[in-house]
Amino acid sequence: MALLDILHFPDPRLRLKAVPVVTVDADVRAIVSDMLETMYDALGIGLAATQVNIQQQIIVIDVSSEKDAPICLINPVIRTLEGSEEMQEGCLSVPGYFENVTRAERIVVEALDENGAKQEIAADELLAVCIQHEMDHLEGKLFVDYLSPLKRQRIKKKLEKTPSSKSPSNDDSHSSAS
Ligand code: NI
């Protein structure tokens with residue numbers, strides 16, 4: 001197990017598109033395990049492989065309050081999207097910023113789990129938002145892309161001035177970053 005470095009906006013590597021995992025093998029399971037450790041260490045609720053500079057379609061999520069319900073989505077595909085909901089989002093790659101984003105309220109997603117078994121997850125509320133946020137990462141998209149260009153530019157300038165090691169920590173217990 002190892003902690004992985006999380007890329008920060010506006011790092012151009014966050015714009016790379018992830019490719020599907022061909023075989024869910026021991027190497028992939030090692031990535032999943034490192035990603036979970038990295039996500040929990042950073043107090044996040046979700047992490048996409050793109051954020052740790054691995055261009056494979058791998059996502060880990062845990063929206064439980066006890067942090068004991070990890071979910072792993074490999075090669076996720078959205079089957080249905082319903083409704084719309086605005087929720088405040090944060091991102092481990094955009095530390096210290098929380099903004100409202102509108103996304104589908106309910107989704108059904110199909111993916112492989114860490115053993116390569118097919119799973120279908122029906123999600124709403126925070127889990128639905130988190131899955132959509134992480135799937136965006138795999139496409140090279142960030143939640144700041146939903147904000148006005150002016151707001152995005154302001155965040156970019158501030159983060160460019162912040163050395164990675166001194167990033168503001170996510171200490172707001174009411175907000176969660178992914
Ligand atoms: Ni994120």
Side-chain angles (χ1 to χ4, degrees), residues 1 4-9 11-65 67-94 99 101-146 176-178:
M1 302 256 284
L4 307 169
D5 285 334
I6 299 175
L7 303 177
H8 287 170
F9 175 68
D11 193 311
R13 291 171 291 181
L14 287 167
R15 298 304 187 182
L16 298 174
K17 283 193 181 184
V19 299
V21 170
V22 178
T23 313
V24 182
D25 55 14
D27 289 344
V28 170
R29 276 187 286 279
I31 293 172
V32 168
S33 158
D34 287 346
M35 283 176 62
L36 277 169
E37 192 185 354
T38 303
M39 177 188 76
Y40 287 128
D41 179 74
L43 306 180
I45 59 169
L47 186 70
T50 312
Q51 293 177 273
V52 289
N53 199 26
I54 296 171
Q55 285 78 41
Q56 296 194 58
Q57 292 178 7
I58 305 171
I59 288 169
V60 295
I61 290 175
D62 190 342
V63 294
S64 70
S65 46
K67 297 294 161 211
D68 57 358
I71 297 171
C72 169
L73 300 175
I74 295 171
N75 302 346
V77 178
I78 297 270
R79 289 302 176 203
T80 63
L81 294 162
E82 279 178 358
S84 93
E85 183 173 37
E86 191 180 62
M87 203 181 272
Q88 194 185 59
E89 294 187 23
C91 180
L92 295 175
S93 293
V94 190
E99 300 286 346
V101 177
T102 302
R103 298 187 188 270
E105 193 179 1
R106 292 175 300 280
I107 63 167
V108 175
V109 63
E110 206 176 275
L112 302 177
D113 67 14
E114 66 277 18
N115 297 310
K118 217 177 229 189
Q119 56 180 341
E120 192 179 86
I121 297 175
D124 61 4
E125 299 182 346
L126 183 57
L127 180 58
V129 167
C130 190
I131 290 173
Q132 291 171 82
H133 175 118
E134 301 312 333
M135 285 184 70
D136 271 358
H137 275 303
L138 299 181
E139 293 291 316
K141 197 167 178 186
L142 297 165
F143 88 98
V144 293
D145 298 346
Y146 295 92
S176 22
S178 49

Asker: What closest approach, in Å, do Ile131 and Ile61 show between heavy atoms, and which atom pair accounts for it?
Answerer: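 Scanning both residues completely, I find the closest heavy atoms to be CG1-CD1, 3.6 Å.
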Asker: Apply side-chain contact (heavy atoms from CB on, under 4.5 Å) to the pair His133 and Ile45, showing each step before the final yes or no.
Answerer: CA-CA 11 Å; His133 175 118; Ile45 59 169; over 6 Å; no
Asker: Check His137 against Ser178 and note the closest heavy-atom contact, atom names and distance.
Answerer: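 Taking every non-hydrogen atom into account, NE2-O, 3.6 Å.
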Asker: Please give me the minimum heavy-atom distance between Leu142 and Arg15, naming the atom from each residue.
Answerer: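 It is N-NH1, 3.7 Å.
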Asker: Counting distance only, does the side-chain N/O of Asn115 pair as donor-acceptor with the main-chain N or O of Ala117 below 3.5 Å?
Answerer: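 Checking the backbone N and O of Ala117 against the side chain of Asn115, no donor-acceptor pair under 3.5 Å is found.
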Asker: Quick one: does any side-chain atom of Ser93 pair with a main-chain N or O of Leu7 as donor and acceptor, under 3.5 Å?
Answerer: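 The answer is yes, because a donor-acceptor pair under 3.5 Å joins these two groups.
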Asker: Compare all side-chain heavy atoms of Gln119 with those of Leu73 and state whether any distance is below 4.5 angstrom.
Answerer: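 Side-chain contact under 4.5 Å: yes.
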Asker: Step by step, work out the side-chain contact (heavy atoms from CB on, under 4.5 Å) result for Asp136 and Asp145.
Answerer: CA-CA 10 Å; Asp136 271 358; Asp145 298 346; over 6 Å; no
Asker: Could you check whether any side-chain N or O of Arg106 sits under 3.5 Å from a backbone N or O of Asp124, counting only pairs where one atom can act as donor and the other as acceptor?
Answerer: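 No; judged by distance alone, with no hydrogens or angles, the pair does not exist.
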Asker: When Ile31 is tested against each of Val60, Ile74, Ile58 for side-chain contact (heavy atoms from CB on, under 4.5 Å), which residue passes?
Answerer: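 Among Val60, Ile74, Ile58, the one that satisfies the side-chain contact (heavy atoms from CB on, under 4.5 Å) with Ile31 is Ile58.
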Asker: Keeping the roles fixed (side chain from Lys118, backbone from Glu110), state whether a donor-acceptor pair exists under 3.5 Å.
Answerer: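 A pair under 3.5 Å: no.
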Asker: What's the verdict on side-chain contact (heavy atoms from CB on, under 4.5 Å) for Tyr146 and Glu99, showing C-alpha distance, side-chain angles and the deciding distance?
Answerer: CA-CA 9 Å; Tyr146 295 92; Glu99 300 286 346; over 6 Å; no
Asker: Shortest non-hydrogen contact from Pro76 to Val109?
Answerer: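 Nearest heavy atoms, Pro76 then Val109: CB-CG2, 4.0 Å.
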Asker: Ignoring hydrogens and angles, tell me if any N or O in the side chain of Gln51 forms a donor-acceptor pair with the backbone of Ala48 under 3.5 Å.
Answerer: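 Side chain of Gln51 to backbone of Ala48: a pair is present.
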Asker: Taking all non-hydrogen atoms of both residues into account, name the closest pair between Val129 and Glu89 and its distance.
Answerer: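 Smallest interatomic distance, heavy atoms only, reads CG1-OE2, 3.3 Å.
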Asker: Mind checking side chain to side chain contact (heavy atoms under 4.5 Å, CB included) for Ala104 and listing every partner two or more places apart, or none if nothing turns up?
Answerer: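 If we apply the side chain to side chain contact (heavy atoms under 4.5 Å, CB included) test to Ala104, skipping adjacent residues, the hits are Leu81, Ile107, Gln132.
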Asker: Say whether Gln55 and Asn53, considering side chains only, have a donor N or O and an acceptor N or O under 3.5 Å apart.
Answerer: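 Checked: Gln55/Asn53 side chains pair up, N/O donor to acceptor below 3.5 Å.
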Asker: Do you know the tightest heavy-atom contact between Pro20 and Asn75?
Answerer: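 Residues Pro20 and Asn75, closest heavy atoms: CA-OD1, 3.3 Å.
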Asker: Please confirm whether the backbone N or O of Cys72 pairs with a side-chain atom of Asp113, one donor and one acceptor, at under 3.5 Å?
Answerer: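 Such a contact is absent between Asp113 side chain and Cys72 backbone.
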Asker: Within the structure provided, determine whether Pro70 and Tyr40 are in side-chain contact (heavy-atom separation under 4.5 Å).
Answerer: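 The answer is yes; the side chains approach within 4.5 Å.
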